Amino acid sequence: MGGIGSGRGLDPNEMETLEQRVRDSLRDRVDAHKRNVFISFSSDDLSEVNLLRAQARNQDSNINFNDWSLRKPFDSEAADYIRRGIRERIRQSSVTVVYVSENTANSRWVDWEIRESLAMGKGVVAMHKGNTPPRRLPKAITDNNISVVPWRQDRLANIIERESEKSQKRRS
């Protein structure tokens with residue numbers, strides 16, 4: 001009998017498989033018509049990113065996604081713990097949107113988040129406010145020829161959709 005109290009514990013591989021099935025199930029239940037997006041940004045740009053989040057929640061906006069990014073930094077100095085938490089958020093997403101500003105190249109985490117997203121086969125797009133991108137970009141953007149586009153709702157919505165579809169094809 002494999003029921004509760006049987007005395008048989010799950011081995012680590014079974015537990016990992018079960019956890020992944022639960023995560024996949026939860027991800028699939030979140031507004032299926034929306035794309036799951038991880039937003040990578042410098043903590044100095046939180047107010048700008050919150051504006052993007054608000055636009056995505058607006059019924060009249062054509063930006064339509066589930067935000068899997070962090071609302072606040074992990075309360076830890078342990079880099080491995082932080083990486084595991086961020087990695088799981090990226091895993092739940094199909095696209096990483098990188099908000100780039102003059103602060104971004106100095107961020108401790110943005111470059112790593114971009115590289116991790118790419119390693120997982122996720123679509124990545126960088127966006128900036130205004131007419132011209134910042135002079136300095138994270139090295140992962142330039143190393144991987146990632147598109148850097150102006151923050152315009154119509155264009156961002158189309159790019160999120162395109163990158164999500166590419167990500168799905170890579171995983172198939």
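Keep in mind it's a predicted model, so treat the numbers as computed, not measured.
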Given the rule that I, L, V, M, F, W and Y join up when any side-chain heavy atoms are under 4.5 Å apart, are Leu137 and Val98 in one cluster?
yes
Can you give me the closest heavy-atom contact between Lys122 and Ile90, atom names plus distance?
CE-O, 3.5 Å
When Met127 is tested against each of Val148, Val97, Ile39, Ile159 for side chain to side chain contact (heavy atoms under 4.5 Å, CB included), which residue passes?
Val97
Set of salt bridge (charged side-chain N to carboxylate O under 4.0 Å, His left out) partners for Arg162, sequence neighbours left out:
none
If you group Ile, Leu, Val, Met, Phe, Trp and Tyr by side-chain heavy-atom gaps below 4.5 Å, do Val37 and Leu51 land in one group?
yes
By salt bridge (charged side-chain N to carboxylate O under 4.0 Å, His left out), Glu102 pairs with (sequence neighbours left out) Arg135
Partners meeting side chain to side chain contact (heavy atoms under 4.5 Å, CB included) with Asp80 (sequence neighbours left out):
Arg83, Arg84
If the condition is salt bridge (charged side-chain N to carboxylate O under 4.0 Å, His left out), which residues does Asp143 pass it with, not counting sequence neighbours?
Arg115, Lys139
To check you understand the geometry: which heavy-atom pair defines the closest contact between Ala105 and Arg136, and what is its length?
CB-NH2, 3.5 Å
Between Ile114 and Ile141 the two heavy atoms that sit nearest each other are CD1-CG1, 3.6 Å
Please round to the nearest 0.5 Å and tell me the distance separating atom OG of Ser93 and atom CD of Glu88.
9.5 Å
Backbone N or O of Asn103 within a donor-acceptor pair of the Ser107 side chain at under 3.5 Å?
no
Residues Ile146 and Ala126: closest non-hydrogen pair is CG2-N, 3.9 Å
Pairs flagged by ring-ring contact (aromatic ring centres under 6.0 Å, His included) wherever residues 102-126 is involved - sequence neighbours left out
Trp109-Trp112
Would you list the pairs meeting salt bridge (Lys or Arg N to Asp or Glu O under 4.0 Å) in which at least one residue belongs to residues 37-50, sequence neighbours left out?
Glu48-Lys129
So ring-ring contact (aromatic ring centres under 6.0 Å, His included) across residues 82-104, not counting sequence neighbours, yields Tyr99-Trp151
If you take all heavy atoms of Pro150 and Gly130, which pair is closest and at what distance?
CB-O, 3.9 Å
From Glu165 CD over to Glu163 CD, what is the distance, rounded to the nearest 0.5 angstrom?
10.0 Å
Check: Asp111 side chain, Ala140 main-chain N or O, donor-acceptor pair, under 3.5 Å:
yes
At what distance, to the nearest 0.5 angstrom, does CE of Met120 lie from OG of Ser94?
13.0 Å
Euclidean distance, Glu113 CD relative to Phe41 CZ, rounded to 0.5 Å:
8.5 Å
